[in-house]
Amino acid sequence: MDTPHLLSIKGLEVRFRTEDGEVTPVRGVTLSVAAGETVALVGESGSGKSVTSLATMGLLPRPAGRVSGGQILFRRRSGEVTDLVTLPLPELRKLRGSEIAMIFQEPMTSLNPVLTVGEQIAESVRLHMGIGHGAALRRAEEMLGLVEIPNARDRIHEYPHQMSGGMRQRVMIALAMSCNPALLIADEPTTALDVTIQAQILALIARLQRDLGMGVLFITHNLGVVAEVADRVTVMYAGQVVETGSVKDIFQAPRHPYTSALLNCLPARARHREDGRRVVQSIPGSVEFVKEGCSFAPRCTLAADICRTGAVTLDDETERSVRCLRWREVLA
Amino acid sequence: MWLKLGQRLVSLMIVMFLVATMVFFLTRLAPGDPAALMLGDQATAEDIAQLRQVYGLDKPILVQFVLWLKEIASGNLGHSIFLQRPVIQAIAERAEPTFFLALFSVTIAALVGIPAGIVSAVWRGRPVDQIVSGLAMLAANIPSFWLGLIFIQLFAVRLGWFPVAGYGEPGAPFVERLAHLALPATVLGIVNSALIVRFTRASLLDVLSDDYVRTARSKGLSEARVVLRHAFGNALVPIVTVVALTAALLVGGAIVTETVFGLPGIGNLVVSAVLRRDYPVIQGALIVVAAVYVLINLLTDIIYTLADPRVRY
Amino acid sequence: MVQTPAILFFRRMFRRKLVLAAFIVLAVIVLMALLAPWISPYEPTSIKIIRRLKPPGELNWLGTDEFGRDILSRIIYGARASLGIGFAVVLVSMTVGTLFGLLAGYFRSLDGLVMRFVDAMMALPDILLAIFLVAVLGASAFNVVLALSIVYTPRVIRVVRASTLVVRELPFVEAARALGVSTRRILSVHILLNVASPVLVQATFIFAYAVLAEAGLSFLGAGVPPEVPTWGTMIASGQQYADSSFWVVLFPGLAIVLAALSLQVVGDGLRDMLDPKLRKTL
């Protein structure tokens, strides 16, 4: 298989067994991340973006969730391309933490409270780099320095609860980077943080990405963040990709009504009313999974009859795709 | 941290005080004159009158209560006329079998219960979980004395592997004591493992869905390491609590098993005291058992405070 | 099919086959106890010295004891005493425990006192506290019920108090208070109905504990008088013949295990159904 991409997800489908039967939170997702590139995966809660990232790591909650279709192709350091969906678990474990690493949304709970941060980083280093305890701890110290934690030599002996949320997220990043991964999946890494800390963490990830040449899959619902970090953007809605394009295309010429609506929600685009106050827009309604037609149709101001009945496929061009029957009218 | 332990200490002292109160007043519910009861059937009226004076039984009941509390607080648990020695001495003489029985039983229960609970949680809903959970449920509902009788029949009478009953001759080597303790400790270990299995399973399942467990998996750790190092370490508090509680309750709760196996322990002492209506011994044993329970609780709290990094700082 | 709440209740309850099986076993034991005079093959007290300690066979399915009494008949009659005592304990401890649990949970001023007493009673092992109480009160069926009720009431208080603490903060209680509903009515209607399900679950567990504890007390000779056939007294009087005639202790013990186990499983099933949150863990 010939693919220029580091990560290439094709037609991914994920199902969950629940008390009320089976649900399909991810329905045919296709996206790719090249080496050295940051791709933002955007969507509101329930769009399936987090499930997509967990599926890539093979971390879907078992036994309820499973990948029921599609491929997740990953180019390994050796150059070999493997499908992570079919890769046996012991093989996948060798990739996790070494070639693919992940940062999670909740820095307050994502670190083990009873182990020191140094131990938690060193554990991963020892496993993947095959070095001794002392060397691994030195590596942990070095990593804490890299993520700009002052006084790293002492701080490796601290427990997570002794650190602030921003500090813990830096530790998470240090942990993720400790084995020089080729791909970093960041699942809303700044959502739980203060705005000022957010900016620092984003800058840190951007710098590390540049220095280390990683591919980054950056999951977020915040378009402001997207503008800051991403090279390309994939927008998800109700378990499907609705639009993909470069960050410039998406922001300047969105093709999908949902993307436009999202952009209109940005505070920067708030309209000034006559009395001088600004009105931030919102999209009425919430995500629904429809059986027929376009998923966004129930909330779309441009929806026509054909949107509610017809099959809506992803209109695929190189580097630019959109899932809308009437996108040309949106542009107009 | 010290404040928290201090508060705990105060509340445990209150518990001790209430146990003493209950024991004192409930004993007075017994029909008949306490002095006459203490002396037994052959006592003369003079003996009884004398004893009433010695024990202050002619004073108002609240005064008696305060006097009694003072005695207990100074470690004097009274005198057993039947056994012709201080209650504290009678209990101390019987403490060894009870102590070792409780120790070995809780060890067996933990060694069986914790791994079984872990297996059950990791393979939740699978056949192995159903088997383990089913066996735990069964074990919890077997009367220990009946299981004891069956074990005696099987392993002592039929197979002759262990002595049938007793604790060996006075001054016998410890190995012989061990042989006598093996069966009762196994019985109590099995019966008490049930609760430990359930607690281990529940608290492990609880932490297995925590975020840091997902982080541990994302590092590429093996499932064994994820479960044993990351999840188990965080599930330890309720597990240690239930093990400590089991140990505490075994000190006075092995009455039936001690009787079945003829072990001369505290339980056995209580049963014979009950049958003889030897109230000072019953009261003393209750106080000692409650004190052990309270002490083990306090000890567990101290261990947590020392072991948990979140509390330590 | 019409989905009445009752049908839904039983559907969910018996989704697990084990719960259904336990329920059937329990029903059989209860029926056995109720119908004892009609279904037991012999009088439980009729002594036949020539047929003493006979192994299980055609005449006596589960054998005979040291007085030649039929063990099956004694187990059937024993169910009356054992389950009867257990059930009485459940009724008494539920009533008293619910009352104190509601009061402790609702009135903060009572909470400390009541809960310290609960702690004190739970510092003593069940069987030790029970044997002490029986020693004080005297050994009789009535006093066994009384003693075991005292032993298990603190458990009910704990459960009811915990639920009350949650329920009293719910908006509908607040609303009732705002509307001027009397405290007594709030407690006896609004809160009581909402703590009913954990109490019901606890009831089945206490039933199981009480059956086990009664057997233990009777075995020690501190329970019901030995001439009354209960599963515990049967084992107590049979134990000295166990070497030669194992059936004397084996079958009454199995009856205890079966009764306690099925109660426990039914209780588990009830809890799973009433509290979906717990289903995943315990």
Side-chain angles (χ1 to χ4, degrees), chain B residues 11-12 14-19 21-23 26-31 124 130 134 137-138 140-147 149-150 152-153 157 198 201-203 205-206 209 248-256 259-260 267 270-271 273-275 277 279 282-283 285-286 289-290 293-294 297, chain C residues 18 22 112-113 116-139 150 208-209 211-213 215-217 219-222 231-232 235-236 238-239 242-243 246 249-250 252-254 256-265 268 278 280-282:
Chain B
S11 82
L12 288 173
I14 295 175
V15 165
M16 246 356 270
F17 169 75
L18 287 176
V19 168
T21 312
M22 270 180 358
V23 166
L26 282 173
T27 310
R28 290 305 161 92
L29 284 181
R124 177 179 110 206
Q130 282 162 358
M137 184 86 92
L138 178 66
N141 289 289
I142 297 179
S144 54
F145 63 91
W146 179 70
L147 191 63
L149 288 173
I150 303 237
I152 291 174
Q153 278 306 311
V157 176
R198 293 192 114 193
R201 179 177 184 273
S203 52
L205 280 181
D206 212 33
S209 58
L249 291 177
L250 272 171
V251 170
I255 297 181
V256 203
T259 306
V260 169
V270 170
V271 172
V274 163
L275 298 179
R277 317 196 95 201
Y279 288 106
I282 305 176
Q283 288 182 332
L286 284 168
V289 167
Y293 176 91
V294 161
N297 261 287
Chain C
L18 187 67
L113 183 70
R116 287 296 85 73
F117 261 105
V118 166
D119 286 344
M121 292 179 77
M122 292 182 90
L124 294 169
D126 297 357
I127 192 79
L128 186 66
L129 185 55
I131 201 176
F132 165 61
L133 290 168
V134 172
V136 169
L137 300 165
I150 294 174
Y209 299 147
V211 167
L212 288 168
L217 284 178
F219 176 77
L220 292 175
W231 297 333
I235 298 176
Q239 66 166 318
D243 288 1
F246 66 90
V249 296
L250 181 69
L254 282 179
I256 299 172
V257 174
L258 222 52
L261 187 62
S262 53
L263 278 165
Q264 190 88 232
V265 173
D268 251 28
L278 279 169
K280 295 188 181 84
T281 52
L282 277 171

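Computation of the quantities below employed the complete heavy-atom set of this structure, encompassing side-chain atoms and omitting hydrogens, waters and symmetry-equivalent molecules.
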Under 4.5 Å between any side-chain heavy atoms of [X] and [Y], yes or no?
| X | Y | result |
| --- | --- | --- |
| C:Phe219 | B:Val256 | yes |
| C:Arg116 | B:Phe17 | no |
| B:Thr27 | C:Phe132 | yes |

Give me the atom names and distance for the closest heavy-atom approach of [X] to [Y].
| X | Y | answer |
| --- | --- | --- |
| B:Trp146 | C:Val249 | NE1-O, 2.8 Å |
| C:Leu128 | B:Gly252 | CB-O, 3.8 Å |
| C:Pro125 | B:Val289 | CD-CG1, 3.6 Å |
| C:Gly221 | B:Leu275 | O-CD2, 4.0 Å |
| C:Ala222 | B:Val274 | CB-CG1, 4.4 Å |
| B:Gly253 | C:Ile127 | O-CG2, 3.8 Å |

>> Only pairs of heavy atoms separated by less than 4.5 Å count here; which of B:Val271, B:Leu249, B:Leu286, B:Leu147 has the most with chain C?
In response: B:Leu286
> Quick one: of B:Val19, B:Val23, B:Ile255, who has the most non-hydrogen atom pairs under 4.5 Å with chain C?
Replying inline: B:Ile255
> Step by step, would you call B:Gln153 with C:Leu250 a side chain to side chain contact (heavy atoms under 4.5 Å, CB included)?
Replying inline: CA-CA 11 Å; B:Gln153 278 306 311; C:Leu250 181 69; over 6 Å; no
Interatomic spacing from [atom1] in [X] to [atom2] in [Y] - rounded to 0.5 Å:
| X | Y | atom1 | atom2 | value |
| --- | --- | --- | --- | --- |
| C:Gln239 | B:Ile152 | CD | CD1 | 8.0 Å |
| B:Ile142 | C:Leu212 | CD1 | CG | 10.0 Å |
| B:Met22 | C:Leu129 | CE | CG | 6.0 Å |

Side chain from CB out, backbone as N, CA, C, O: work out which of these in [X] comes under 4.5 Å of a heavy atom of chain B, or both, or neither.
| X | answer |
| --- | --- |
| C:Leu254 | both |
| C:Ala215 | both |
| C:Leu18 | neither |

>> I'd like to verify something: which residue of C:Leu258, C:Ile256, C:Leu220, C:Asp119 has the highest number of heavy-atom pairs under 4.5 Å with chain B?
In response: C:Leu220
>> I need the residue from C:Ala123, C:Gly232, C:Ala135 with the largest number of non-hydrogen atom pairs under 4.5 Å to chain B.
In response: C:Ala123
With a 4.5 angstrom heavy-atom cut-off, which part of [X] approaches chain C: side chain, backbone, both or neither?
| X | result |
| --- | --- |
| B:Leu26 | both |
| B:Val157 | side chain |
| B:Leu18 | both |
| B:Ala140 | backbone |
| B:Leu138 | both |

